[in-house]
Amino acid sequence: MNPDTLLRDEIEQAILALFGKAPESIQLQPTNPEFEGSHTLVCFPLSRVSGKNPAETAKIIGDYLLAHSSVVASYQVVKGFLNLTLHDHAWVKTLETIYAASNYGIQPPSGEEIMVEFSSPNTNKPLHLGHLRNNFLGWSVSQLLEANGYKVHKVQIINDRGIHICKSMAAWKLYGDGETPKTANIKGDHLVGNYYVAFDKAYRAQVAALVEKGMPKEQAEKEAPIMQLASEMLRKWEAKDPETVALWEKMNGWVYEGFDITYRAMGVSFDRLYYESQTYLLGKEIVLKGLEDGIFFRKEDGSVWVDLRAEGLDEKVLLRADGTSVYITQDIGTAVLRFNDFPNIVGQIYTVGNEQEYHFKVLFLILAKLGYAWAQRCYHLSYGMVDLPSGKMKSREGTVVDADDLIAEMIDEAEKQTRELGKVDEMTDEEARALYRMIGLGALKFFLLKVDPKKRMLFNPNESIQLQGFTGPFVQYTHARIRALLRKAEAAGVTASVEGLDNVILEPAEREVIIVLSRFPERVREAGATYSPALIANYVYELAKEYNQFYQSIPVLSEADPVRVRFRVALSEAVGRTIRTAMRLLGIDVPERM
RNA sequence: GGUCCGGUAGCUCAACUGGAUAGAGCAUCAGCCUUCUAAGCUGACGGUUCGGGGUUCGAGUCCCUGCCGGAUCGCCA
């Protein structure tokens, strides 16, 4: 078991016995490495209960624990801090339970269901670096929630309809000459993206030409012929014009084929896909019903609005004067549809960039106004933009980092560095390729996940392909090392065991590894509660680092005492399994050798 | 202009939600491979936590204020 909870109980009892009062809270924190001990009780707040100064309070509690606690071996008081050192047998016991656990750190299913939305691209261009952060984040948060007992439904809403895809369609119709992904030998999403770029280029030229002839810019932007064509296609699509719908289906089909390849490369998948084309009309009904119920109001021009001024926001339009839906209308419909499809989910997590914070604030308020209780459990997992050293990604300036290209580069770089180190001499080609992929992708995912999701982050290509230091490959390497050690142990007939160590004194490096190991379940809980894979990335790095220190200074198989050998093998195995689990929560695979 | 984020070592990021002398990685410098994988380990260097007030036993963290950067405030999505 984890000594934390036990210790907490004992401290609470101590305070109750000594001072006759229960403390408001017990501040128990890890002891700073420069001091002796593993747990520190902060005694400043307790002086109110004890009526003595913090240092005296610490001493009294320390003495009491020494006499009564089953785990405290000694203590030190530094100012108002009570540093506790536990008996090594408590740590041995801790490792014993960790080692025996079949799924250490993972909670069994609680029966609660939850939905996580991520990715949700438009279908007019390929995925880019921003989508990678989104996907890795959404995937990892799904894993984290599962690890905390939820049954998770991973979904996305594919924005397959609207003026953006019509732009690509218009350009293809004008300049495509029947080109297909096959004839062009390009992934479908990239092909469609090329036509989106072609549209933009032609459009701007046409607008400039019209302005040149004396037309006001605003008018020119509407009347440029290629824009007229795109708008006409949108109208025809909504009218279900067969030819337009067929083109739309064809080009979206290309995009999906391309996306599938990218998703497979990223290692993500979804349980259910929602398409905007199938949901965009649903919100309208709900809004009209809300209008009848007096939740919304209509202006003279016929448009429908919600008044959120009482909530500190503004009035927002929900239906245009012509009765058509706006963006948020379909989001209302999609949300309701999802709760109908999955009646057992307690809530929904939207993984969407922080530029849409206002949008989701409004959406959740509207859903609450409509009387949906689950609106309280809708959460916008808002993450910061990914910047490049050159600044923001701008499609106009061609600085967008393409997801497929980036993944390929990471894998190439992993191959290059792996070959330089001569690590693949005994591998088959197939094994080697799988390893490059694992390392390249591991580096990329770890790089994007180690930063607090809420924060804007910088993507430095040179740093992302680093395989040393605070990186995914460092952790993967530690795992491979452990696996190699365990293979050797097995070959030598050594079995792992935590038996026969009742009065042992541990090496500091051994104890430190167990201490870090013991914190894993709490970190999983915390990461789930705050939707933050970064906590797991930081943790698993700390664990790997701690283990490497142990590995470097303490012999395992060459140790003379067979009891200690078995113990260290068990310790190594527990660390290896925990690394694997933690990395799985990040969506990263770990190799057997590298 | 209103609202919301952010500003920590040369660079990229932490800091257990108010606790001890603010920690890692990269970069730079110096060491460690005849012993389980050196993608590793050890050490050195590096800080007015944007500035200024305040709250208290204690502030990078909370409050006020100023400066800088970003997002947002569409009948776009």
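To find a chain, count down the sequence lines: A is the first, B the second, and so on, and within it residues start at 1.
- Using N1 to N3 plus N6-O4 or O6-N4 for Watson-Crick, or N1-O2 and O6-N3 for G-U wobble, each under 3.5 Å, B:G40 pairs with B:C32.
- Between the CD atom of A:Glu463 and the C1' atom of B:G10 there is a distance of 12 Å, given to the nearest Å.
- Heavy-atom distances under 4.0 Å link RNA chain B to A:Thr40, A:Val42, A:Phe44, A:Pro45 of residues 38-46 of chain A, given in residue order.
- Legend: residues meeting salt bridge (charged side-chain N to carboxylate O under 4.0 Å, His left out) with A:Asp160, ordered by chain and number and at least two apart, are absent.
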Please tabulate, for side-chain N and O atoms in residues 528-544 of chain A, each donor-acceptor pair with protein atoms closer than 3.5 Å (sequence neighbours left out).
unit_1, atom_1, unit_2, atom_2, d
A:Thr530, OG1, A:Glu526, O, 2.8
A:Asn538, ND2, A:Ala534, O, 2.7
A:Tyr539, OH, A:Val516, O, 2.7

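- For A:Arg481, no side-chain nitrogen or oxygen approaches OP1 or OP2 of B:A39 to under 4.0 Å.
- Partners of A:Lys52 by side-chain contact (heavy atoms from CB on, under 4.5 Å), not counting sequence neighbours, listed by chain and number: A:Ser50, A:Glu56, A:Thr57, A:Ile60.
- The shortest distance between the side-chain N/O atoms of A:Lys361 and the OP1/OP2 oxygens of B:U3 is not below 4.0 Å.
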Its contact letters, B for base, S for sugar-phosphate only and - for none at protein heavy atoms under 4.0 Å, make nucleotides 69-77 of chain B read -SSSS-BSB

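- In terms of polar N and O atoms assigned as donor or acceptor, the side chain of A:Asn83 comes within less than 3.5 Å of the base of B:A20 in a complementary pairing.
- Judged by distance alone, the side chains of A:His164 and A:Asn159 never bring a donor and an acceptor atom under 3.5 Å apart.
- Comparing A:Tyr541 and A:Phe474 along RNA chain B, the residue whose closest nucleotide (by nearest heavy atom) sits nearer the 5' end is A:Tyr541.
- When the salt bridge (charged side-chain N to carboxylate O under 4.0 Å, His left out) test is applied to A:Arg564, the partners found at least two apart in sequence or on another chain are A:Glu510.
- Nearest nucleotide to the side chain of A:Gln466, out of B:A27, B:A20, B:U12: B:A27.
- Both A:Ser558 and A:Thr478 sit near RNA chain B, but only A:Ser558 has its closest nucleotide nearer the 5' end.
- For the salt bridge (charged side-chain N to carboxylate O under 4.0 Å, His left out) test, residues two or more places apart in sequence or in another chain that qualify with A:Lys416 are A:Glu413.
- The side chain of A:Gln549 contributes an N or O atom lying less than 4.0 Å from OP1 or OP2 of B:U42.
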Exercise answer: donor-acceptor pairs, residues 472-481 of chain A side-chain atoms, under 3.5 Å, sequence neighbours excluded:
unit_1, atom_1, unit_2, atom_2, d
A:Gln476, NE2, A:Met438, O, 3.1
A:Gln476, NE2, A:Asp589, O, 2.8
A:Tyr477, OH, A:Arg481, NE, 3.4
A:Thr478, OG1, A:Phe474, O, 2.9
A:Thr478, OG1, A:Asn548, ND2, 3.2
A:His479, ND1, A:Pro591, O, 2.8
A:Arg481, NH1, A:Asn548, OD1, 2.8

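- The side chain of A:Lys488 approaches B:C36 more closely than any other nucleotide in the set B:A27, B:A39, B:C36.
- The ring pair (Phe, Tyr, Trp, His ring centres under 6.0 Å) search around A:His128 returns A:His131, not counting sequence neighbours.
- Salt bridge annotation for A:Glu218-A:Lys222: absent, with no cationic side-chain nitrogen under 4.0 angstrom from a carboxylate oxygen.
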I'd like a table of atom pairs between the protein and nucleotides 44-47 of chain B - only N or O on both sides, under 3.5 Å - with the distance next to each one.
none

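- In this structure A:Val362 satisfies the side-chain contact (heavy atoms from CB on, under 4.5 Å) test together with A:Leu308, A:Leu313, A:Lys316, A:Ile328, A:Tyr358, A:Ile366, sequence neighbours excluded.
- Considering only the side chain of A:Gln552, B:C41 comes nearest among B:U37, B:C13, B:C41.
- Residues satisfying the salt bridge (charged side-chain N to carboxylate O under 4.0 Å, His left out) test with A:Glu276, not counting sequence neighbours, are A:Arg161.
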